[in-house]
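Comments concern the structure below.
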Amino acid sequence: MGTRASRASSNPDVTGLTAYGCRDLLAGGEVSAVELTRAYLDRIGAVDGEVRSYLLVDEAGALAAAAAVDAKPRSQRLPWEGVPIGLKDILCVKGMETTCASRILQGYIPPYDATVIAKLRAAGLVFLGKLNMDEFAMGSSTENSAFQITRNPWDLNRVPGGSSGGSAACVAATEAPWALGTDTGGSIRQPASLCGVVGLKPTYGAVSRYGLVAFASSLDQIGPITRDVKDAAALLDLIAGRDPRDSTSIGLPEPVGFPDRSSLEGVRFGVIKEFVGDACEAGVRDVFDGAVDAIGALGGVCEEVSLPSVERGIAAYYLIAPSEASSNLARFDGVRYGHRHPHSEDLYEMYTRTRSEGFGSEVKRRIMIGTYALSAGYYDAYYAQAQRTRTLIIQDFARAFDCFDFLISPTSPTVAFKIGERTADPLAMYLSDLCTIPVNLAALPGISIPGGFSAGLPVGVQIIGPHFSERGMLGAAHALEQKLRVDVVPPLAEVAG
Ligand code: GLN
């Protein structure tokens with residue numbers, strides 16, 4: 001591998017680096033922003049034909065942004081200027097097609113930047129392009145994209161998870177040092193777990209949702225997908241903050257900073273009983289048990305805790321999220337954005353045809369469930385009941401945090417499954433988010449870090465903290481990450497890199 005300098009010059013593939021690694025090379029003048037961006041574009045060219053994580057690669061835009069960075073004296077640059085990033089295609093980027101992997105938004109070019117994008121732009125990051133996802137973030141495998149199936153870099157016959165599967169696969173395959181995803185019920189943490197990378201879902205309100213195409217507004221949060229915990233902390237600090245354009249945003253009480261905790265002496269972890277045991281496959285349980293031992297070796301204390309209501313999380317979520325989605329997706333009517341059926345006799349027919357041909361089957365299923373759950377005759381029986389269940393889940397977490405600093409569980413009950421394995425069975429697909437959904441319902445922060453492998457496939461460990469405990473949670477995650485030292489380089493990266 002050689003020194004950094006020889007890595008940058010003799011081997012242009014610097015793509016295995018973390019974002020901090022990229023930043024150091026740029027700061028030391030060992031690589032220019034254009035060289036770095038070019039290396040990622042080359043890497044995308046070499047492997048994305050197989051991985052298929054990008055929906056759009058903005059080669060010209062990325063190189064122009066990088067050249068503008070190179071034109072500035074290094075002393076005048078901001079810390080992250082020139083570091084590339086990949087973006088889930090649900091975030092509005094001015095002038096860059098944003099589709100949510102849906103035919104109905106094909107051709108939509110936002111006239112404005114989402115707040116997180118404006119922040120990254122101001123920080124000088126280079127946007128490589130837009131990443132594949134389940135249509136409107138509805139799914140757990142990225143198979144619901146209207147355009148392509150993204151494959152897991154650890155085994156190309158398997159899914160990368162979802163809905164931010166493009167973001168997780170792209171970071172795992174070193175096609176970007178880091179990426180942004182969104183998480184409504186697990187869509188950052190579950191794909192991070194299945195692809196062997198780090199995924200952070202911030203506390204609801206920590207990050208502005210302005211310019212994020214809404215799926216379920218009371219649950220959606222934008223967050224980082226990275227190669228390690230300190231990159232996740234840095235990216236969170238770049239995007240967090242109160243935003244007058246999102247009245248539900250509050251920001252973080254303090255910056256997360258650089259997580260450098262190494263001991264967990266005296267830190268109390270509650271192991272969520274309902275998410276281990278029979279709920280998980282054996283290989284996942286083994287890796288999770290290893291993480292519990294590692295916490296013990298670092299001086300932390302792990303004890304079982306029961307949160308009886310979390311088992312109803314999936315049922316509550318699949319009423320609340322579709323209800324909000326049925327309302328949010330009403331705006332896609334063929335008038336305002338993207339696709340419109342071209343030959344309609346009247347307005348009603350135009351709406352119907354546009355939506356029939358523009359939305360995929362999972363999106364239609366959610367719109368129908370949500371419309372039904374909100375209808376006058378059924379509102380109390382379904383939507384209101386789901387909200388009451390949500391309250392019980394919130395109370396369960398609050399009680400657990402009276403006794404514990406953090407809660408832990410596997411991120412996903414299984415490793416990455418085969419492409420096509422769950423597409424015919426929506427309920428099996430929904431179970432992928434057993435351990436992540438309750439965290440969204442309770443608006444809590446959660447992070448998935450690589451815990452190890454089961455039969456050669458990555459297994460993630462989830463740490464959940466109290467509201468706005470990101471600083472402490474990332475510190476604990478960093479300590480555990482250093483102890484576990486999971487080697488997260490998929491075979492694909494070794495071959496092509
Ligand atoms: N898989 C869950 C769903 O299909 C969660 C998706 C998400 O977090 N965006 O709704």
Side-chain angles (χ1 to χ4, degrees), residues 88-91 100-102 131-146 150 159-168 179-195 199-204 207 209 212-225 313-326 328-329 359-370 373 386 390 411-414 416-417 421-423 425-448 460 462 464:
K88 185 176 182 178
D89 198 24
I90 196 168
L91 299 166
C100 293
S102 180
L131 295 160
N132 198 24
M133 53 183 284
D134 285 300
E135 185 177 0
F136 286 106
M138 297 174 187
S140 306
S141 68
T142 313
E143 291 164 294
N144 292 338
S145 166
T150 297
V159 304
S163 64
S164 310
S167 303
L180 283 183
T182 63
D183 193 313
T184 304
S187 280
I188 287 175
R189 291 159 289 157
Q190 184 258 12
S193 172
L194 271 44
C195 290
L200 167 67
K201 182 248 166 219
T203 306
Y204 185 79
V207 177
R209 292 178 295 106
L212 156 65
V213 180
F215 162 14
S217 310
S218 78
L219 300 159
D220 299 339
Q221 270 293 288
I222 303 165
I225 295 185
I314 291 188
Y317 172 90
Y318 278 99
L319 290 164
I320 293 169
S323 294
E324 295 185 24
S326 70
N328 276 326
L329 270 57
F359 289 133
S361 56
E362 182 62 26
V363 176
K364 285 177 184 156
R365 179 170 16 244
R366 307 267 180 127
I367 292 173
M368 286 191 287
I369 293 173
R390 183 174 188 173
T411 307
S412 158
T414 69
F417 40 95
E421 195 179 306
R422 297 188 189 169
T423 37
D425 184 354
L427 292 183
M429 189 72 86
Y430 295 172
L431 278 175
S432 312
D433 296 310
L434 174 74
C435 312
T436 48
I437 276 178
V439 179
N440 298 74
L441 289 171
L444 297 165
I447 186 169
S448 178
Q462 176 176 235
I464 306 161

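Whatever order the structure lists them in is the order used to number ligands and atoms, beginning at 1. Numbering starts at 1 and runs along the sequence shown.
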Exercise. Donor-acceptor pair, Gln190 side chain versus Ser140 backbone, under 3.5 Å?
Worked result: yes
Exercise. Looking only at side chains, do Ser167 and Lys88 share a donor and an acceptor under 3.5 Å apart?
Worked result: no
For this session: State whether the side chain of Glu135 and the backbone N or O of Phe359 hold a donor-acceptor pair below 3.5 Å, judged by distance alone.
Result: no
Exercise. Are the side chains of Tyr430 and Arg422 in touch, meaning some heavy atoms are under 4.5 Å apart?
Worked result: no
Problem set entry | Protein residues that have a heavy atom under 4.0 Å from any atom of ligand 1, sorted by chain and number | Ala137, Met138, Gly139, Ser140, Ser163, Asp183, Thr184, Gly185, Gly186, Ser187, Phe215, Tyr317, Tyr318, Arg366, Asp433
For this session: Can you tell me which residue pairs pass the salt bridge (charged side-chain N to carboxylate O under 4.0 Å, His left out) test with a partner in residues 180-193, sequence neighbours excluded?
Result: Asp183-Arg189
Exercise. Does the Lys201 side chain pair with the main chain of Leu444, one donor and one acceptor, at a distance under 3.5 Å?
Worked result: yes
